[in-house]
Amino acid sequence: MARLALQQLSKQFASNIAVRDVTLDVGDGEFIVLLGPSGCGKTTTLRMIAGFVTPSSGTVRLDDRDITNLPPWKRNAGMVFQSYALFPHLTVAENVAFGLEMRRSTADIPSRVAEALRMVRLGGLEGRLPRQLSGGQQQRVALARALVIRPDVLLLDEPLSNLDAKLRETVRVEIRELQRQLGITTVMVTHDQEEALMMADRLVVMSNGEVRQVGTQRELYERPADRFVAMFVGRSNSLSGKIVGPGRFETAGGLRIACHEGAIGPAVLALRPERLALGAMAADCVNRLPGTVEFVSYLGASIDLHVRISPTDRVVVCQPNRADVRLPVEGDRIEVGWPADAAMVFAQETAPVPN
Amino acid sequence: MLIGPATVFVTLGLLVPIVILFRYSLNDFKAGVMMVEALTLKQYALFFTDPYFIAAFYRTLRVALIVTLLCIVLAYPLAYTLARTQSRWKNLLIMLIVLPLFVGNAVRAAGWMTLFGNKGFINVALQWLGLIDHPVRIMFTEPAVIVGILAVNLPYVVLTIQSVIEGIERAVEEAAFSLGAGPWTMFRRVMLPLATPGFVAGAIFCFILTMNAYATPVLLGGPQFVMMGPLVYTQFAVKSNWPLGAAVAFILMSATLVLTAGANLLVQRRYRR
């Protein structure tokens, strides 16, 4: 258990800057998720913490020790790899015992291995070889192998991406509960925002090698620092146009919208689909725009309505699926509304935005 | 159906001559008459009682073992680097490894002769540097033969080991590191057992090639440094003693086969999984 601190960590490969000036403090027992699209530098950052990649500049500190130049085998960081990377020639028990044998604390190895396997509910499979296990079981062996050494920090590199959707959901909860119960400082990398939101204490959103925002789920969702975060965390409708005066936004399609902050000039307006109201529900909203329902997708718990509000603008409205509400069908004319504070305004920028 | 031609070819081109050769090895030899039809183990007895032949046998075995060992030790770092490189020049590097095979063994041995001779590059260079007064004898020594064969076999062994290492996930090495294993421990506990099929295949390859080497021992070993391959040739072509030549060939083949199979079995038992 330890605090982890990254100070202006950067990595440059030839002419390509993979990670730029990442500064991050991870508290004792905290679960941090590095989130971002592929190539954003999150994996390189994790590998610098693990010691597989030497930073070009900056430091990695574990409590008060500077471990920046320590090789991986002297760091006491438990790592779970995307592919699990189990030793194919060793049994489950031998895989888990490996790290303990390296520590030469040979006395209680069998009991600690048994305990770790019980923890991940794999008791009874000690003698199996990795190839005789299912993906989910392999994943849990990898977790037990990383946890049994009582690492200062647990590093998870997309640990769930090779599991099927149903299993992934259960394993997320299992990992999170285990991590909390052990109070182990954890850094996980993922590109799956749902996974990130579900597991993290705090999230670090990255793109192009830089940290865009660090914060809790609520902070990222409700107060995204920039358009990238607004688009990447949760869903957003984005309307491009410009701020034409204080609290006045005009879309490229000519719609006028009341909003809060924003400097005059080109800007993007982001709207969460569930903050939009329809028909009678929109009556009290400052912004009310007539539109046509073009597409309806039934998602079970909720329903998405794609509503065209101008020749160039279309928004997605997410409505809870309730038995007592009759929902519009494709082709219906309907009014879409939202309060001024539902709109998040960002200055137009050049950085790529996820789809 | 498609395996038909190959099967016929192997049967006619390999098995039949072997059977005939074995039959020859049981014949008798009389000076002037050459081969005499017989059914006797005389040639084998002759081989194993003559110190000259026994020395050639042990010499061959010794060179084969040394070359194989050196080959594996030298090939591993190269094979590992080649397997793990992210360089876009990787294909070029592999071509460079294969390139020496474009030159025939005899031509290559001739190349070594220009280095090893009393007036060869090495001796001239050492004399010029003032390190030696008189040329050191390198040609027609065991080290010369070993170096020569080593150079021939190395590419095969490198490529064999490299292909096996490529099948071992890089993350498995990293997992060992993150669990506290240093490079040497990682090699011993993870890489060695996982790459064993590559080491075994490479070693077998190298051992067989060395046991049967012909051009290199003849050219770099000279007439005094007799190995089994050249011995077979001498008996057949120079001495016209077909029965003894056949027996030598069979002893060579059997020794190679038995030792290879034995080593394979031993390693398999050690790394059963």
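By convention in this document, chain letters (A, B, ...) are assigned in the order of the sequence lines, proteins followed by strands, and residues within each chain are numbered from 1.
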Measuring heavy-atom distances to chain A, does [X] have an atom under 4.5 Å in its side chain, in its backbone, in both, or in neither?
X        : value
B:Arg189 : both
B:Glu169 : side chain
B:Thr185 : side chain

Q: Please tell me if the side chains of A:Leu182 and A:Met119 come closer than 4.5 Å, counting only heavy atoms from C-beta onward.
A: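 Result yes, sub-4.5 Å side-chain heavy-atom pair found.
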Q) If we only count heavy atoms from C-beta on, is the B:Met228 to B:Arg59 side-chain gap below 4.5 Å? A)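 The answer is no; the side chains never approach within 4.5 Å.
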Proximal component of [X], with respect to chain B [non-hydrogen, under 4.5 Å]:
X        : result
A:Leu86  : backbone
A:Ala77  : backbone
A:Arg145 : both

Q) How long is the gap from CG on B:Leu259 to CG on B:Leu266, to the nearest 0.5 Å? A)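 Here the interatomic distance stands at 11.5 Å.
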Q | Electrostatic pair A:Arg172:A:Asp192 at N-O distance under 4.0 angstrom | A |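 Here A:Arg172 pairs with A:Asp192 in a salt bridge, since their nearest N and O are under 4.0 Å apart.
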Q | Test item: A:Arg112 side-chain N/O and A:Val148 main-chain N/O as donor-acceptor pair under 3.5 Å | A |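 Yes; judged by distance alone, with no hydrogens or angles, the pair exists.
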